[in-house]
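Here the structure is a predicted model, which is why all the values come from computation and not from measurement. Order of appearance sets the numbers: ligands from 1, and atoms from 1 within every ligand. The chain is numbered in sequence order, starting from 1.
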Amino acid sequence: MAQAAIIGAGIAGLAAALRLVHKGYQVTVFEKNDYAGGKIHAIEQQGYRFDLGPSLFTLPQLVDELHEMFNHQKVDFSYQAHGTSCHYFWEDQTVFKAPATTENFIKEAAITFQVPEQKIRNYFKESKSKYESTKSVFLEKSLHKASTYFHKDTIKAIAQLPFLGINTTLNTYNERLINPKLIQLFNRYATYNGSSPYQTSAIMSMIPHLEIGLGTYYPDGGMHRISQSLYELAVKVGVEFRFRESVNEIIVQDNKATAIWTTKNSFMAFDVIVSNMDIHPTYKKLLSETKPPETTLEQERSSSALIFYWGIDKKFPELDLHNILFSEDYPAEFEHIFEHKTLFDDPTVYINITSKLSPTDAPDGCENWFVMINAPGDYGQDWEQLVAQSRKNIIAKINRTLNTDLEPLIHTEHILTPQGIERDTSSYRGALYGAASNDKFAAFLRHPNFNSKVKNLYHVGGSVHPGGGIPLCLLSAKITADLIPDAS
Ligand SMILES: Cc1cc2nc3c(=O)[nH]c(=O)nc-3n(C[C@H](O)[C@H](O)[C@H](O)COP(=O)(O)OP(=O)(O)OC[C@H]3O[C@@H](n4cnc5c(N)ncnc54)[C@H](O)[C@@H]3O)c2cc1C
């Protein structure tokens, strides 16, 4: 039986493992941690459960598709839509409880922000059209195979390029929404792939359609169920997991990946090797004899995050599953992150509270707060000092916006920094989404899902095509599996 190795049990590694089993391979996954899921992991602390990484779940059908591939195996995985997409707060006490469907969003936003409904409706219409005309080319196919460019969808997408806003920034495009708060709300979508709205192109205005038009979901049992259910499925269909076993080297002979060395001193030969490790350390640490594609590796990295996981000894009825407390100076916040590589003293604060939907995630009368601000990657800053200062700034921001006194309510605390994200997942500089999309050609600069210099070596995950975030990582595994021949 043909043998495949997967390096890393992140969401993309798990999806690739399942797809290769489906193609007839015997699959072994090597994972440096003692758990599967990579960034999609969870902890429990003093009666609180916290999802450590992602909180927003879109395109759930991509997870369903993997479960359906092995529909004789029953692994619990279910999710629900939520009636509101997010509660947005500003310090002047403006609150927008954004509905989760496009038409309701348009109606409510028009009232709250005093903007004509038609302007917002047109925005969503264009958002949908951008998403639909580009997804099959930019998200579902390899951009690095000639066959993609002869496909009718590609020809259609290329014809659309002048209308996608590739030469305009997202912020400039959003200015059509008149009201500064509504512009800020739509600018925030740049952060969904770790970019700045003042640099990324207006093509990102397709994301509101993905979130509001196609909907966001909450997995029963929390975000961790996404990775856990795929791991359970993989075990059931025969994937072998070797935890606490890092791959140290990919052996290349005659330009062909043939074997791996691991930290347990195992040398194992494989027919196919798929790296779910970030592309930067894959080249720098595992492929030291192979000339790296420097332009790709030097691409600006996406933002990272500073996250406080707080057990809160009170319920806040004004808060929902997803909440945003906006900075008073959004351009300065992004300038601090991307240009000065530091944290702004009035950050936009995201609070995710899963106990709103899963009450057992917190003790009675309490809530589990995931409090995140966007942060630069790790460039050697003094994180101890930045964390201490930001903790004060975040608490002050929450106090001002929600008229509360938070510090005495914090029961328990866990902190994750960009350094911690890199330590836990090998993500270069702790980037959440691989390369940033601040460059308009970023989509074309991402590393392909195959290796043009090393045969039998493939790449999946957030640092390669088509990019970061759960749906794109799942699509990277799908594109990759399509490139790998069936096992003979
Ligand atoms: C705080 C945070 C919030 C986020 N929010 C969202 C969100 O709301 N929605 C969303 O869609 N996405 C979100 N993301 C992004 C999303 O989590 C990632 O894009 C996705 O999970 C990345 O998956 P991956 O498979 O590429 O890699 P990872 O999850 O990074 O997994 C890589 C795995 O490889 C292992 N590994 C690395 N090197 C080796 C080696 N040499 N040998 C063996 N194992 C190795 C690592 O230990 C890790 O388990 C967020 C991420 C973070 C951190």
Between Gly469 and ligand 1, does any nitrogen or oxygen pair lie at a separation below 3.5 Å? yes
Examine Leu52 against ligand 1 and note whether any of their N/O atoms are separated by less than 3.5 Å. no
Donor-acceptor pairs are to be reported for all side-chain atoms of residues 470-478 against protein atoms at under 3.5 Å, with residues two or more places apart or in another chain.
from	atom 1	to	atom 2	distance (Å)
Ser476	OG	Gly461	N	3.0
Ser476	OG	Cys473	O	2.7
Lys478	NZ	Glu65	OE1	3.4
Lys478	NZ	Glu65	OE2	2.9

To which protein heavy atom is [atom] closest, and what is the distance rounded to 0.1 Å?
{"atom": "atom 29 (O) of ligand 1", "answer": "Lys39 N, 2.8 Å"}
{"atom": "atom 23 (O) of ligand 1", "answer": "Ile11 CG2, 3.4 Å"}
{"atom": "atom 9 (N) of ligand 1", "answer": "Leu56 O, 3.0 Å"}
{"atom": "atom 41 (N) of ligand 1", "answer": "Val247 O, 3.0 Å"}
{"atom": "atom 52 (C) of ligand 1", "answer": "Leu432 CD2, 3.7 Å"}
{"atom": "atom 15 (C) of ligand 1", "answer": "Tyr433 CE2, 3.5 Å"}
{"atom": "atom 48 (C) of ligand 1", "answer": "Glu31 OE1, 3.5 Å"}
{"atom": "atom 26 (O) of ligand 1", "answer": "Gly462 N, 2.8 Å"}

Which bit of [X] is near ligand 1, meaning a heavy atom under 4.0 Å away: side chain, backbone, both or neither?
{"X": "Ala12", "value": "both"}
{"X": "Cys473", "value": "side chain"}
{"X": "Phe57", "value": "neither"}
{"X": "Ser427", "value": "neither"}
{"X": "Ile40", "value": "side chain"}

For [atom], which candidate among [options] provides the closest heavy atom?
{"atom": "atom 39 (C) of ligand 1", "options": "Met277, Glu422, His41, Met223", "result": "Met277"}
{"atom": "atom 6 (C) of ligand 1", "options": "Ala477, Gly53, Pro54", "result": "Pro54"}
{"atom": "atom 37 (C) of ligand 1", "options": "Ser275, Ser476, Gly434, Ser426", "result": "Ser426"}

Are a donor atom and an acceptor atom from the side chains of [X] and [Y] found within less than 3.5 Å of each other?
{"X": "His82", "Y": "Asp320", "result": "yes"}
{"X": "Tyr218", "Y": "Ser358", "result": "yes"}
{"X": "Thr282", "Y": "His459", "result": "no"}

Lys/Arg-Asp/Glu bridge criterion (N-O < 4.0 Å) met for Arg429, Glu300: no
Under a 4.0 Å threshold between the charged nitrogen and the carboxylate oxygen, would Asp220 count as salt-bridged to Arg225? no
Pick from Thr354, Asn352, Ile398: which one makes a side-chain contact (heavy atoms from CB on, under 4.5 Å) with Trp369? Ile398
State the [atom1]-[atom2] distance between [X] and [Y], to the nearest 0.5 angstrom.
{"X": "Ile307", "Y": "Phe370", "atom1": "CD1", "atom2": "CZ", "answer": "4.5 Å"}
{"X": "Asn368", "Y": "Glu44", "atom1": "CG", "atom2": "CD", "answer": "10.5 Å"}
{"X": "Tyr131", "Y": "Ile207", "atom1": "OH", "atom2": "CD1", "answer": "10.5 Å"}

Which of the numbered atoms in ligand 1 are below 4.0 angstrom from a heavy atom of [X]?
{"X": "Ile307", "answer": "1 (C)"}
{"X": "Pro471", "answer": "11 (O)"}
{"X": "Ile470", "answer": "10 (C), 11 (O), 12 (N)"}
{"X": "Asp424", "answer": "47 (O)"}
{"X": "Gly461", "answer": "26 (O)"}
{"X": "Asn33", "answer": "47 (O), 49 (O)"}
{"X": "Ser246", "answer": "42 (N), 43 (C)"}
{"X": "Gly10", "answer": "25 (O), 29 (O), 31 (O), 33 (C)"}

Might you confirm whether atom CD of Glu289 has over 12 heavy atoms from other residues, nucleotides or ligands at distances under 6.0 Å? no
Taking everything shown except Lys256 itself, do over 12 heavy atoms lie less than 6.0 Å from its NZ? no
Taking only residues two or more places apart in sequence or in another chain, which ones pass salt bridge (charged side-chain N to carboxylate O under 4.0 Å, His left out) with Asp51? Arg49
Do Ser227 side-chain atoms and Ile40 backbone N/O form a donor-acceptor pair below 3.5 Å? yes
Ignoring hydrogens and geometry, is there a side-chain-to-backbone donor-acceptor pair from Gln381 to Trp383 under 3.5 Å? no
Can Ser55 be said to touch ligand 1, with heavy atoms closer than 4.0 Å? yes
Which residue, Phe105, Trp90, Phe89, forms the ring-ring contact (aromatic ring centres under 6.0 Å, His included) with Phe96? Phe105
